[in-house]
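Lettering of chains follows the sequences in order, A, B, ..., and the numbering in each one begins at 1. Fair warning: this is a prediction, and the values are worked out from it, not measured in the lab. What's counted below: heavy atoms across the whole structure, side chains too, no hydrogens, waters or symmetry copies.
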2 protein chains.
Amino acid sequence: MDDGADAVFRALADPTRRALLDALLERDGQTLFELCTRMADTGVGSSRQAISQHIDVLAGAGLVHVRREGRYRLHDLDTTPLHPLRERWLRAEKRNRP
Amino acid sequence: MDDGADAVFRALADPTRRALLDALLERDGQTLFELCTRMADTGVGSSRQAISQHIDVLAGAGLVHVRREGRYRLHDLDTTPLHPLRERWLRAEKRNRP
DNA sequence: TTGACATGCAAGCAGGCACTTGCATATGGT
DNA sequence: ACCATATGCAAGTGCCTGCTTGCATGTCAA
């Protein structure tokens with residue numbers, strides 16, 4: 001009943017991780033340092049390792065995909081794990097309507 | 001930027017709390033014992049106090065409203081805190097379209 | 001090659017969170 | 001009044017999680 005959804009919900013539970021999703025929503029292919037500086041700018045400051053670990057959690061939930069390019073690690077947002085959750089907890093009256 | 005949304009996301013992070021929302025989605029006005037037995041039936045077994053504390057978290061996030069009736073405590077589901085979150089993290093290309 | 005840049009890995013620490021334990025309160029039926 | 005039911009409250013415990021620390025690896029430019 002709670003397959004990968006648990007990882008997604010736990011990933012969304014942290015404000016730093018949500019800020020990372022916000023940052024990646026604006027532009028894909030950002031590098032780790034890029035995300036670190038952006039976090040520091042928006043007030044959600046954390047160390048590089050902390051952010052790296054947060055990204056690991058997001059990647060484990062399938063929300064972020066990581067690809068390597070040279071010495072850089074680029075990150076892409078993937079919101080497909082969120083789609084099945086958008087329609088959860090909608091009242092039955094409102095659900096089955098054309 | 002992260003007002004009450006933080007409480008909502010943290011509330012959704014726990015599988016027992018999500019199961020409680022599922023239970024309340026089927027029928028409003030369930031009592032605490034009713035929810036406890038239902039949790040035990042669906043395999044998400046926890047003690048009464050544990051479930052009570054989970055409901056406190058859900059109520060703190062505004063997802064559940066509590067009303068008293070006699071010696072019973074009745075619970076109602078409120079999904080309105082979820083509505084602003086449903087449209088979050090949608091790509092900009094898909095967002096502003098009539 | 002050398003050095004600077006960008007990232008990886010792993011152990012340790014502290015706070016939070018889920019859960020329990022034990023007892024107190026209140027409502028309703030008889 | 002009595003008792004069972006239904007819930008409230010608070011302190012204690014163990015684990016999980018976010019963060020740090022320190023060092024290792026890999027990549028590019030000169």
Side-chain angles (χ1 to χ4, degrees), chain A residues 2 5-24 27-61 63-76, chain B residues 2 5-24 27-61 63-76:
Chain A
D2 241 328
D6 186 69
V8 176
F9 279 118
R10 290 221 323 266
L12 294 178
D14 189 272
T16 305
R17 287 196 285 266
R18 292 196 298 272
L20 284 169
L21 294 182
D22 289 335
L24 285 174
R27 179 166 41 92
D28 265 336
Q30 297 189 55
T31 183
L32 183 57
F33 258 50
E34 223 166 340
L35 291 170
C36 285
T37 55
R38 185 181 286 242
M39 291 298 102
D41 290 352
T42 54
V44 194
S46 294
S47 75
R48 178 182 59 88
Q49 292 85 346
I51 292 188
S52 180
Q53 288 167 355
H54 279 305
I55 292 179
D56 288 347
V57 177
L58 291 170
L63 290 165
V64 168
H65 293 277
V66 184
R67 57 187 158 102
R68 271 208 98 95
E69 192 159 313
R71 61 172 155 175
Y72 302 103
R73 189 174 74 158
L74 306 181
H75 307 83
D76 301 308
Chain B
D2 239 326
D6 186 69
V8 176
F9 279 117
R10 290 220 324 265
L12 294 178
D14 189 273
T16 303
R17 287 195 285 267
R18 292 195 299 273
L20 284 169
L21 294 183
D22 290 335
L24 284 174
R27 179 166 40 94
D28 265 336
Q30 298 189 54
T31 184
L32 182 57
F33 258 50
E34 223 166 340
L35 291 171
C36 286
T37 54
R38 186 181 286 243
M39 291 299 102
D41 291 350
T42 54
V44 194
S46 293
S47 75
R48 178 181 60 88
Q49 291 85 347
I51 292 187
S52 180
Q53 288 167 354
H54 279 305
I55 291 179
D56 288 346
V57 177
L58 290 170
L63 290 166
V64 167
H65 294 276
V66 183
R67 58 188 158 101
R68 272 208 97 96
E69 193 158 314
R71 60 172 155 175
Y72 301 103
R73 189 175 75 159
L74 306 181
H75 306 84
D76 301 308

Kindly write out the residues that satisfy side-chain hydrogen bond (donor to acceptor under 3.5 Å, both in side chains) with Asp56(A), not counting sequence neighbours, or none if the list is empty. none
From CD1 of Ile51(B) over to P of dT20(C), roughly how many Å is that when rounded to an integer? 10 Å
dist Thr37(B):OG1 -> Ile51(B):CD1 (nearest 0.5 Å) comes out at 8.5 Å
From CG (Asp76(B)) to CG (Asp28(B)), nearest 0.5 Å: 4.5 Å
Is there a side-chain contact (heavy atoms from CB on, under 4.5 Å) between Val57(A) and Asp14(A) once you walk through the steps? CA-CA 10 Å; Val57(A) 177; Asp14(A) 189 272; over 6 Å; no
Counting side-chain heavy atoms from CB outward, which of dC19(D), dA18(C), dC19(C) is closest to Ala50(A)? dC19(D)
Give the C-alpha distance, both sets of side-chain angles, the deciding distance and a yes or no for side-chain contact (heavy atoms from CB on, under 4.5 Å) between Glu69(B) and Thr31(B). CA-CA 10 Å; Glu69(B) 193 158 314; Thr31(B) 184; over 6 Å; no
Residues in salt bridge (Lys or Arg N to Asp or Glu O under 4.0 Å) contact with Arg48(B), at least two apart in sequence or another chain: none
So which of residues 37-44 of chain A are in contact with DNA chain D, with a heavy-atom cut-off of under 4.0 Å? none
Can you tell me how far the CG atom of Leu24(B) sits from the CG atom of Leu35(B), to the nearest 0.5 Å? 5.0 Å
All N/O contacts under 3.5 Å from nucleotides 1-11 of chain C to the protein, with atom names and distances to one decimal?
{"unit_1": "dC5(C)", "atom_1": "O2", "unit_2": "Arg71(A)", "atom_2": "NH1", "d": "3.4"}
{"unit_1": "dT7(C)", "atom_1": "OP1", "unit_2": "Thr31(A)", "atom_2": "OG1", "d": "2.2"}
{"unit_1": "dT7(C)", "atom_1": "OP1", "unit_2": "Leu32(A)", "atom_2": "N", "d": "3.3"}
{"unit_1": "dT7(C)", "atom_1": "OP1", "unit_2": "Arg73(A)", "atom_2": "N", "d": "3.4"}
{"unit_1": "dT7(C)", "atom_1": "OP2", "unit_2": "Phe33(A)", "atom_2": "N", "d": "3.2"}
{"unit_1": "dG8(C)", "atom_1": "OP1", "unit_2": "Arg73(A)", "atom_2": "NH1", "d": "3.3"}
{"unit_1": "dG8(C)", "atom_1": "OP2", "unit_2": "Arg73(A)", "atom_2": "NH1", "d": "3.2"}
{"unit_1": "dG8(C)", "atom_1": "N7", "unit_2": "Arg48(A)", "atom_2": "NH1", "d": "3.4"}
{"unit_1": "dG8(C)", "atom_1": "O6", "unit_2": "Arg48(A)", "atom_2": "NH2", "d": "3.1"}

Between Ser47(B) and dT20(C), is there a side-chain N or O to OP1/OP2 distance below 4.0 Å? yes
Under 3.5 Å, sequence neighbours excluded: what are the donor-acceptor pairs made by side chains of residues 38-45 of chain B?
{"unit_1": "Arg38(B)", "atom_1": "NE", "unit_2": "Gln30(B)", "atom_2": "OE1", "d": "3.4"}
{"unit_1": "Arg38(B)", "atom_1": "NH1", "unit_2": "Glu26(B)", "atom_2": "OE1", "d": "2.9"}
{"unit_1": "Thr42(B)", "atom_1": "OG1", "unit_2": "Arg38(B)", "atom_2": "O", "d": "3.0"}
{"unit_1": "Thr42(B)", "atom_1": "OG1", "unit_2": "Met39(B)", "atom_2": "O", "d": "3.2"}

Using five base pairs at each end to define the local axes, how bent is the helix from dT1(C)-dA30(D) to dT30(C)-dA1(D), to the nearest 10°? 30°
Rounded to whole Å, NE2 of His54(A) lies from C1' of dC19(D) at a distance of 8 Å
Please report the interatomic distance CG(Leu63(A)) to CZ(Arg18(A)), rounded to the nearest 0.5 Å. 12.5 Å
By nearest-nucleotide position on DNA chain D, the 5'-leaning member of Gly70(A) and Arg10(A) is Arg10(A)
Separation of dG18(D) atom P from Asp6(B) atom CG, nearest Å, is 12 Å
From CD of Glu69(B) across to C1' of dT7(D) the rounded distance in Å is 15 Å
Once you round it to whole Å, what is the distance between C1' of dA18(C) and CZ of Arg18(B)? 14 Å
Rounded to whole Å, please give me the gap between CG in Asp14(A) and P in dC16(D). 18 Å
Interatomic distance, CG@Leu21(A) vs CD1@Ile55(A), rounded to 0.5 Å, equals 10.0 Å
Could you give the distance from CZ (Arg73(B)) to OG (Ser52(B)), rounded to the nearest 0.5 Å? 4.5 Å
